[in-house]
Engineer: 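Pasting in a structure now, in structure tokens, and then I'll have a few things to ask.
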Amino acid sequence: MKTINKPVKKWTYQDFTWVLSLFGTAVGAGVLFLPIKAGAGGFWPLVILALLATPMIWLAHKGLARFVLSAKNSNADITDTVEEHFGKVGANIITFAYFFAIYPIVLIYGVGITNTVDSFLVNQVGLDPLPRWLLSGVLISAMTAGVIFGRELMLKVTSMMVYPLVFILLALSLYLIPEWNTSMVEVTPDWSTLPVIVWMAIPLIVFSFNHSPIISQFTKDHRQMFGDQAVIKTDMITGGAAMMLTGFVMFFVFSVVLSLTPEQLIAAKEQNISVLSYIANVHASPIVIYLGPIIAFAAIVSSYFGHFLGAHEGLVGLVKSHSSASVSKIQKGSMIFIVLTTWFVAIKNPSILDMIETMGAPMIAAILFILPVFAMRKVPAMAKFRTSTFAQIFTVICGLASITSVIYGAL
């Protein structure tokens, strides 16, 4: 394997670019709904979640990167690595789980984009509500058309949107500081129920900070460049991304939560809209009135493209392994299935927060938190990539917490 002789432990501009790429992959609809769920339990549970977020996100993504690095083939992605370590049955299981980790996110974005645009047209523009079936159909068709007919262009556009999105999120967080009030802090927490409140919010933390879809490509690039020393770089960059994500996003969450009251957060959840759309509806400032929905729209659209491609690729892979139909027919059929089901769910308008917690987070947690630690304990090739025992226990506990909280909530 060719290894470029570069200082591995020194930060470079390319490293910072990768940090931004990981950041951009994570920032999406989950971030816009995180303040509603995380703030609903009060101020102090939010503080605990903020302290847990950085180690949770770093250790999980670092572990997944190390898992991909353990493959013999330097070009292996996560599916190839699973097949190498656990056989074809294991690879099929992971492909199935990975599809059902990404596909629900596409459904969530279908609901989110419809509610965001509907709220904007009614509250900011002053139009009468459009028929939901028509509005959702037009929006989902337009976004999907962007994927089909302008894939390379849309990927470039969405990657470029990361920079203004980071700036606008920070600017809005700072802008809301004069609106901060003590209503959230004054709520006396019930310390006996605090662990349950934190536990129930962990799935949304997992969902909101997840950037696992890009980890395979990220890891392959660094392995080809740094060879056996790639683990040093991937640990550094995933750590930088985790700190940047929690720093920017949690500041945004705190700023939004402190500018609203507990009653307003409940109202936002009941209306099934992002917190930015809600702020735009209740705020007097023209900047917030129009900027909030635009940010929400940009974040959802930018994330939709990548997740649609991932869901489509996963579904094609699943169908190919169990069908003799031509690849072109499978691709077209898979795309039609995803579009129609996303449209159907958008018309039904289920709770976005409930969808995130019950459909998106558990599968993500299984792949991101449980799989790498299991491999560290069972796969000989992972021996040199093992993290500390404490890190492994912490990661597994967080993953199990995300999965079991969904079961607890359902019961």
Side-chain angles (χ1 to χ4, degrees), residues 26-43 45-47 49-50 108-109 111-127 129 139 161 164-187 201 204-205 207-209 245-303 349 351-354 356:
V27 173
V31 172
L32 306 182
F33 287 87
L34 182 58
I36 299 173
K37 178 67 176 182
F43 179 76
L46 186 57
V47 172
L49 287 168
I108 289 166
Y109 288 157
V111 179
I113 195 69
T114 304
N115 291 352
T116 297
V117 174
D118 179 67
S119 176
F120 179 76
L121 293 176
V122 172
N123 293 287
Q124 277 72 56
V125 181
L127 298 177
L139 291 170
M161 287 171 67
L165 194 58
V166 170
F167 173 77
I168 295 172
L169 277 178
L170 178 60
L172 186 61
S173 302
L174 294 171
Y175 184 82
L176 289 174
I177 289 177
E179 304 290 329
W180 287 6
N181 61 79
T182 58
S183 60
M184 292 296 298
V185 183
E186 289 172 352
V187 176
L204 194 59
I205 293 288
F207 180 87
S208 300
F209 293 99
L245 274 165
T246 51
F248 273 86
V249 173
M250 293 311 296
F251 176 51
F252 167 73
V253 170
F254 273 101
S255 188
V256 168
V257 167
L258 290 174
S259 69
L260 299 174
T261 64
E263 293 75 21
Q264 288 177 315
L265 290 173
I266 293 172
K269 181 178 181 180
E270 291 175 347
Q271 294 175 29
N272 204 26
I273 55 177
S274 76
V275 74
L276 291 182
S277 293
Y278 181 81
I279 289 175
N281 295 343
V282 301
H283 209 282
S285 168
I287 296 176
V288 177
I289 286 174
Y290 292 100
L291 195 59
I294 291 172
I295 297 172
F297 181 85
I300 292 171
V301 171
S302 64
S303 294
N349 192 26
S351 168
I352 293 175
L353 282 171
D354 289 346
I356 290 173

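As the structure is a computational prediction, the values presented were derived from the model and not from experiment. Sequence positions, counted from 1, serve as the residue numbers for this chain.
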Engineer: Once you round to the nearest 0.5 Å, how far does CG of L172 lie from CZ of F251?
Structural biologist: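 Rounded to the nearest 0.5 Å, the CG-CZ separation comes out at 10.0 Å.
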Engineer: Which atom pair, heavy atoms only, marks the closest approach of F252 to V275?
Structural biologist: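 In this case the closest contact between F252 and V275 is CZ-CG1, 4.2 Å.
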Engineer: Side chains of Y278 and L265: closer than 4.5 Å at any heavy-atom pair?
Structural biologist: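 Of all side-chain heavy-atom pairs linking L265 with Y278, none is under 4.5 Å.
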Engineer: If I compare all heavy atoms of F297 with all of T116, which pair ends up nearest, and what's the gap?
Structural biologist: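 Shortest heavy-atom separation between F297 and T116 comes out as N-CG2, 4.1 Å.
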Engineer: Examine distances only and state if a side-chain atom of D118 and a backbone atom of P129 form a donor-acceptor pair shorter than 3.5 Å.
Structural biologist: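 Judged by distance alone, no pair lies under 3.5 Å.
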Engineer: Nearest 0.5 Å, what's the OH-OG distance between Y175 and S259?
Structural biologist: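 One finds 11.5 Å between OH of Y175 and OG of S259.
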Engineer: Between I113 and L139, what is the shortest heavy-atom contact and its length?
Structural biologist: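 Looking at all heavy atoms of both residues, the shortest contact is O-CD1, 3.7 Å.
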Engineer: Closest heavy-atom contact between I300 and Y109?
Structural biologist: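 Looks like CG2-O, 3.8 Å.
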Engineer: Taking all atoms of both residues into account, what is the closest heavy-atom pair of L176 and S255, and its distance?
Structural biologist: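 That closest heavy-atom pairing would be CB-OG, 3.5 Å.
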Engineer: So which atom in N272 and which in I352 form the shortest heavy-atom distance, rounded to 0.1 Å?
Structural biologist: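 Scanning both residues completely, I find the closest heavy atoms to be OD1-N, 2.9 Å.
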Engineer: Using a 3.5 Å distance criterion without hydrogens, assess whether the side chain of N123 forms a donor-acceptor pair with backbone atoms of S119.
Structural biologist: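 Pair found, side chain donor or acceptor close to backbone of S119.
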Engineer: With heavy-atom distances below 4.5 Å as the criterion, would you say the side chains of T114 and N349 are in contact?
Structural biologist: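 No. Closest side-chain heavy atoms not under 4.5 Å.
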Engineer: Roughly how far, to the nearest 0.5 Å, is the CD1 atom of I273 from the CG atom of N115?
Structural biologist: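 Interatomic distance, N115 CG to I273 CD1, rounded to 0.5 Å: 8.0 Å.
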Engineer: For a 4.5 angstrom cut-off between non-hydrogen side-chain atoms, does N281 reach Q124?
Structural biologist: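 With C-beta onward as the side chain, the pair touches.
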Engineer: For a 4.5 angstrom cut-off between non-hydrogen side-chain atoms, does M250 reach L46?
Structural biologist: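 Touching, per the 4.5 Å side-chain cut-off.
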Engineer: Output the distance between atom CD1 (I36) and atom CD1 (I266), rounded to the nearest 0.5 Å.
Structural biologist: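 I36 atom CD1 to I266 atom CD1 measures 11.5 Å (nearest 0.5 Å).
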Engineer: Do the non-hydrogen side-chain atoms of F207 and I108 ever get within less than 4.5 Å of each other?
Structural biologist: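 Yes, close enough: below the 4.5 Å cut-off.
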Engineer: With rounding to the nearest 0.5 angstrom, report the OG1 to CZ distance, T246 to F209.
Structural biologist: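 Between T246 OG1 and F209 CZ, I get 6.5 Å after rounding to 0.5 Å.
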